[in-house]
Amino acid sequence: MKTFVSENNLSSEVQRHRKLYTMLLDAIPSSVLMLDRDMKVISANHNFLKKSRRSTQNTIGFPLVDIFPTIILNTMNIPQQIRGVFKSGNATGGNRMSYRSPGLPMNIYYYRIFPFTWKGVVENVMLLMDDVTEQIRLSEEVQRVERHLASIIDSATDIIISTDTGGRILSWNPAVEKISGYTFPEMKGRSFIEYLPIEKQKDMHEVFTQMKNGRQSRQAEWELITKDGTTIRVSWVFSPMKDEHGNTAAIVGVGRDLTERLKLEAELLKSQKFAALGVMAGGIAHEIRNPLAICSSAAQFLQNDDISTEFRKECGEKIYTGIQRASIIIENLLRFARPSTNSHMERICLNSLVEDTIPLVHNQAKIQQIKIKITIYRKNIFISANASMLQQVLINLFLNAIQSMPDGGKIELSITRSGGDVLIRIMDTGTGILKQDIDKIFDPFYTTSPVGRGTGLGLSISYAIVKQHMGTIEVESNKDSGCTFTVRLPLL
Amino acid sequence: MNDHKDIYLIVDDEPDMCWAFQNLLAQNNILSKNALNGRQALHLIRKESFKAVFVDAKLPDIDGLDLAKKIREVSRGLRLIMVSGYFYRDDPAIRKALEEGLISDFISKPFQNQEILSVLKNIH
């Protein structure tokens, strides 16, 4: 603190106080100016001089107007405020002022004017200024970031919700409003679980409990019930929002409306099914024409008058049997070809599904001299599945195996149990898959078949179907030693 | 119509198909034997002499056209007639087999009994 009072004229105690006062003022990050009634500067602290790039010589004893740009003094009415403080003896409230020292970037100060009263008289005023440029810049930045984050959430087409740890809705982005029809004010504070189908509510409760207990995140495909009562399939990811102590403070759910994707998948499923049918057609044609040929010959025999009653009866039986056989083949085909619109899972018997599937691939296997062997560890294995979709997986795996054995071979289907899962293993003795190709085989349109023989969709569709069944599909293979596909599905 | 010592071989894995053939030939006083697979067929052909062979295109142990090649190795002059529901008459595989003389005729299933009889007539 620089003052123009000579240090020599003061007592040692006063000098001590003065030194302490100077030290304090120089130590604080604020800028401090002391002014007399004539608005001349009687002292200025170190920070003021540094910030305004001034020295004691051109500051102390100079009028305020020489130190501050007139424009600031006038805009802020500082001289008037100072006079008011001298008059009232009361400090002013805090105010902001922007100030740019020549050659320096704009600074923003928060200032107050305090009176220094001695024996009832205001002798001086103190102008105290704090540089708040950085704080303001930071808070503007924080606001900008906040606005940015908010607009990300508002612009997202995915559902983004947050709930407290008890599952009460805290926030709900516009995407959910659009998808569900419920506005945020309608939903705020309500239990999220209410908007799920009854059978999924227990699972959701469990997710909330897991999140509360620190589980990282959880994926699920659950329906959301909309305002008009319809259900929408949503793929969810729930994650815990942690506070600074690492405790779960809230739960964030991000969901994607699967309606469009499911529609596309259904289309793809259907077209792949027809492609599989195309492959099967050769085998089926052969298999149907055999009983037809028997019927045809027998019918021609019946046209002769001179045949025995016994032979006539025999012909009738052959025709009847032949028609039955052809009809069974066609029925199996229809069962497979019939586009299944529902994608619902139900309790199905895996043994029956295998039994229904084998006749469909049997024809194709037979014409390629391929033997099929089946081993199932027990009767009545129940799983939750969509029978038509799972059958498509089995057919695809069988056709794949059959295609890999143009010169005949063996397919072994085995069903075993592994903990809470069932393993469906389809092993062939075909050409196998090259090591470098093994990662690509589940990619859509990847095929090693000649043009017109395979679409390259069978395995990628099978992969998607198995995933939808909460299962996995794996392949092991070596070139020339055949390959083994293993489908793992949870048991009921 | 035919010499009684002429015997025809029918190779088809479908017993009822063999039944139809056998009856059709028997009605025309023709003797025939059946083989349900390629192995049986080759065995019979090595052992006995046949006037002609009716071969199915798809057998449990061998493809009909492959069997035809094997038969050719055993008995060069034996007439082979392919009877199948798997191929159609203009099928490239069949046209090639006919051109190469691997088979002398092709009859698709289901057939008219008369088609079989006409083929037999041509053999004589």
Side-chain angles (χ1 to χ4, degrees), chain A residues 279-308 310-326 329-330 362-373 402 405-410 450 452, chain B residues 10-29 32 34 36-39 41 54-67 69-70 81-89 91-94 106-119:
Chain A
V279 177
M280 286 150 72
I284 286 157
H286 174 250
E287 211 57 16
I288 289 177
R289 276 174 133 186
N290 258 335
L292 285 185
I294 297 161
C295 291
S296 161
S297 286
Q300 290 173 69
F301 293 146
L302 286 177
Q303 284 172 337
N304 290 338
D305 296 328
D306 55 345
I307 53 168
S308 67
E310 203 185 325
F311 186 60
R312 187 179 301 278
K313 222 172 132 190
E314 203 181 347
C315 288
E317 275 164 17
K318 298 287 178 200
I319 292 173
Y320 182 71
T321 318
I323 290 171
Q324 289 290 317
R325 268 184 54 198
I329 294 163
I330 291 167
H362 178 249
N363 310 322
Q364 191 68 31
K366 200 171 136 192
I367 60 172
Q368 277 179 232
Q369 289 85 44
I370 293 166
K371 289 202 166 55
I372 300 177
K373 192 186 158 199
I402 290 170
M405 296 184 281
D407 304 319
K410 201 165 79 178
Chain B
I10 298 145
V11 190
D12 202 306
D13 60 327
E14 195 72 64
D16 282 352
M17 202 63 241
C18 295
W19 167 88
F21 263 108
Q22 225 164 3
N23 278 291
L24 172 61
L25 298 181
Q27 282 176 4
N28 293 278
N29 303 315
S32 66
N34 301 333
L36 292 170
N37 53 48
R39 196 180 46 80
F54 292 96
V55 192
D56 186 16
K58 297 290 173 184
L59 293 162
D61 60 345
I62 193 167
D63 195 87
L65 288 171
D66 290 337
L67 178 63
K69 279 180 203 145
K70 289 205 165 164
I81 303 117
M82 179 151 282
V83 186
S84 160
Y86 183 75
F87 295 114
Y88 50 94
R89 183 156 264 293
D91 207 304
I94 293 303
F106 173 81
I107 297 169
S108 75
K109 284 179 187 170
F111 48 79
Q112 291 195 356
N113 292 351
Q114 195 53 49
E115 287 178 75
I116 304 282
L117 298 176
S118 305
V119 168

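Naming convention: chains lettered A, B, ... in sequence-line order (proteins, then strands); numbering from 1 in each chain.
- Using cut-offs of 30° and 60° for the angle between ring planes, the A:Phe311 and B:Trp19 rings count as tilted.
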side-chain contact (heavy atoms from CB on, under 4.5 Å) evaluation trace for A:Leu292 with B:Lys109: CA-CA 7 Å; A:Leu292 285 185; B:Lys109 284 179 187 170; over 6 Å; no
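- Interface remark: B:Asp13 contributes side-chain atoms only to the contact with chain A (heavy atom separation under 4.5 Å).
- Proximity to chain A is absent for every atom of B:Ile116, based on heavy atoms less than 4.5 angstrom apart.
- A pairwise comparison of heavy atoms in B:Pro110 and A:Ala293 identifies CB-CA, 3.4 Å as the closest pair.
- No side-chain heavy atom of B:Phe111 sits less than 4.5 Å from a side-chain heavy atom of A:Arg289.
- When each of A:Ile294, A:Asn304, A:Ile307 is checked for heavy-atom pairs under 4.5 Å with chain B, A:Ile294 comes out on top.
- Looking only at distances, no side-chain donor or acceptor of A:Gln369 sits under 3.5 Å from a matching main-chain atom of B:Asp61.
- Within the 4.5 angstrom heavy-atom criterion, atoms from both the backbone and the side chain of B:Asn113 approach chain A.
- Contacts with chain A were tallied for B:Ser108, B:Gly85, B:Ser84, B:Pro60; B:Gly85 has the most, counting heavy-atom pairs under 4.5 Å.
- For the pair A:Gln300/B:Leu24, no side-chain contact is recorded, criterion being any heavy-atom separation below 4.5 Å from C-beta on.
- For B:Phe87, the part lying under 4.5 angstrom from a heavy atom of chain A is the backbone only.
- Looking at B:Gln112, both its backbone and its side chain come within 4.5 Å of chain A, counting heavy atoms on both sides.
- How far CG of B:Asp56 is from CG of A:Asn290: 6.0 Å, rounded to the nearest 0.5 Å.
- For chain B, no part of A:Asp407 is nearby; none of its heavy atoms comes within less than 4.5 Å.
- Scanning residues 314-323 of chain A against chain B with a 4.5 Å heavy-atom cutoff picks out A:Glu314, A:Cys315, A:Lys318, ordered by number.
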